[in-house]
Amino acid sequence: LSFVSFVSLCFLTMVNVPKVRNTFCAKCKKHTAHKVSQYKKGKESVFAQGKRRYDMKQKGYGGQTKPVFRKKAKTTKKIVLKLQCNDCKKFHQIPIKRCKHFELGAEKKKKKGDAVPQH
């Protein structure tokens with residue numbers, strides 16, 4: 001399997017993560033159940049130094065003063081999982097691989113050969 005075909009295979013598959021994961025908590029110093037959610041970027045602060053500097057530079061005449069990025073190369077973002085320990089409520093963040101489709105706690109797809117035995 002070449003690297004290019006491997007990468008394209010990774011992008012085609014959907015990533016499904018369970019809502020609860022048993023993993024190590026550094027604060028409790030043992031494995032505990034963690035609630036899993038997806039990290040989302042927060043609202044940008046208008047008082048951050050970079051934003052204040054940018055706004056001052058943009059003021060007045062002269063149009064756009066800083067370059068606007070237009071050459072986006074990536075089609076996906078790395079997914080970051082936010083894990084919260086059920087015992088101590090501490091958050092951990094774990095990055096996982098890039099994927100186009102990400103699901104949290106969806107039911108696993110059944111294969112054609114796997115029939116559910118009825119008793």
Side-chain angles (χ1 to χ4, degrees):
L1 209 67
S2 71
F3 178 72
V4 175
S5 62
F6 175 72
V7 169
S8 61
L9 269 175
C10 290
F11 284 144
L12 292 175
T13 56
M14 187 176 305
V15 177
N16 184 9
V17 176
K19 285 188 178 176
V20 177
R21 176 191 275 196
N22 199 41
T23 189
F24 185 77
C25 175
K27 192 173 179 186
C28 300
K29 292 187 171 49
K30 61 181 180 179
H31 274 72
T32 56
H34 284 67
K35 197 162 58 175
V36 181
S37 56
Q38 189 178 359
Y39 166 81
K40 296 278 187 201
K41 194 169 95 163
K43 187 180 170 189
E44 289 186 359
S45 171
V46 292
F47 301 113
Q49 178 59 58
K51 176 73 173 139
R52 286 180 287 156
R53 186 184 297 120
Y54 178 75
D55 290 343
M56 281 298 292
K57 197 168 184 181
Q58 285 291 95
K59 257 189 205 171
Y61 297 111
Q64 182 68 32
T65 58
K66 293 185 83 55
V68 177
F69 184 68
R70 289 197 178 92
K71 292 183 178 178
K72 191 173 177 210
K74 303 278 190 284
T75 57
T76 58
K77 290 191 173 190
K78 288 182 180 178
I79 304 295
V80 176
L81 299 181
K82 200 166 69 167
L83 307 175
Q84 185 183 23
C85 177
N86 287 352
D87 295 352
C88 66
K89 306 298 181 201
K90 183 168 169 54
F91 282 98
H92 313 281
Q93 288 185 340
I94 298 178
I96 59 174
K97 290 183 179 176
R98 296 176 178 276
C99 62
K100 291 200 177 195
H101 303 288
F102 176 78
E103 285 183 348
L104 197 60
E107 291 197 15
K108 290 184 179 177
K109 289 184 179 175
K110 302 275 191 274
K111 291 180 183 169
K112 288 183 181 176
D114 296 343
V116 178
Q118 295 178 352
H119 297 284

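Small disclaimer: the values here were computed from a predicted structure and weren't measured.
Contact annotation: the side chain of Met56 approaches that of Lys59 to within less than 4.5 Å [non-hydrogen atoms, C-beta and beyond]. Side-chain contact check for Gln84 versus Lys89: some heavy-atom pair is nearer than 4.5 Å. Counting heavy atoms from C-beta outward, Gln58 and Gln64 have side chains that approach closer than 4.5 Å.
Contact record, Pro18 with Leu104: O-CD1, 4.4 Å, taken as the closest heavy-atom pair. Closest approach of Lys72 to Lys74, counting heavy atoms only: CE-O, 3.5 Å. Contact detail for Ile79 and Cys99: the closest heavy-atom pair is CG1-SG, 3.6 Å.
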What side-chain donor-acceptor pairs closer than 3.5 Å can you find for residues 37-47, not counting sequence neighbours?
residue : atom : partner : partner atom : Å
Ser37   : OG   : Lys82   : O            : 3.4
Lys41   : NZ   : Glu44   : OE2          : 3.2
Ser45   : OG   : Phe47   : N            : 3.1

Taking only distance into account, with no hydrogens and no angle test, what donor-acceptor pairs under 3.5 Å do side-chain atoms of residues 20-30 form with protein atoms, sequence neighbours excluded?
residue : atom : partner : partner atom : Å
Asn22   : OD1  : Ala33   : N            : 3.4

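Within the structure, ring pair (Phe, Tyr, Trp, His ring centres under 6.0 Å) contacts touching residues 79-100 (residues at least two apart or in different chains) are His34-His92.
At a threshold of 4.5 Å between side-chain heavy atoms, the hydrophobic network of Ile, Leu, Val, Met, Phe, Trp and Tyr places Val80 and Leu83 in two separate groups.
Between Asp55 and Lys51 there is a salt bridge, since at least one side-chain N of the basic residue sits less than 4.0 Å from a carboxylate O of the acidic one.
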Show the numbers, then the answer: is there a side-chain contact (heavy atoms from CB on, under 4.5 Å) between Thr76 and Phe102? CA-CA 11 Å; Thr76 58; Phe102 176 78; over 6 Å; no
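In this structure Gln49 satisfies the side chain to side chain donor-acceptor pair (under 3.5 Å) test together with Arg52, sequence neighbours excluded. Scored by the side-chain contact (heavy atoms from CB on, under 4.5 Å) test, Lys57 finds Thr65, Lys66 as partners (sequence neighbours excluded).
Other cluster members for Tyr54: none, since no ILVMFWY side-chain heavy atom sits under 4.5 Å from it.
With values rounded to the nearest 0.5 angstrom, Asn16 atom CG is found 9.5 Å from Glu107 atom CD.
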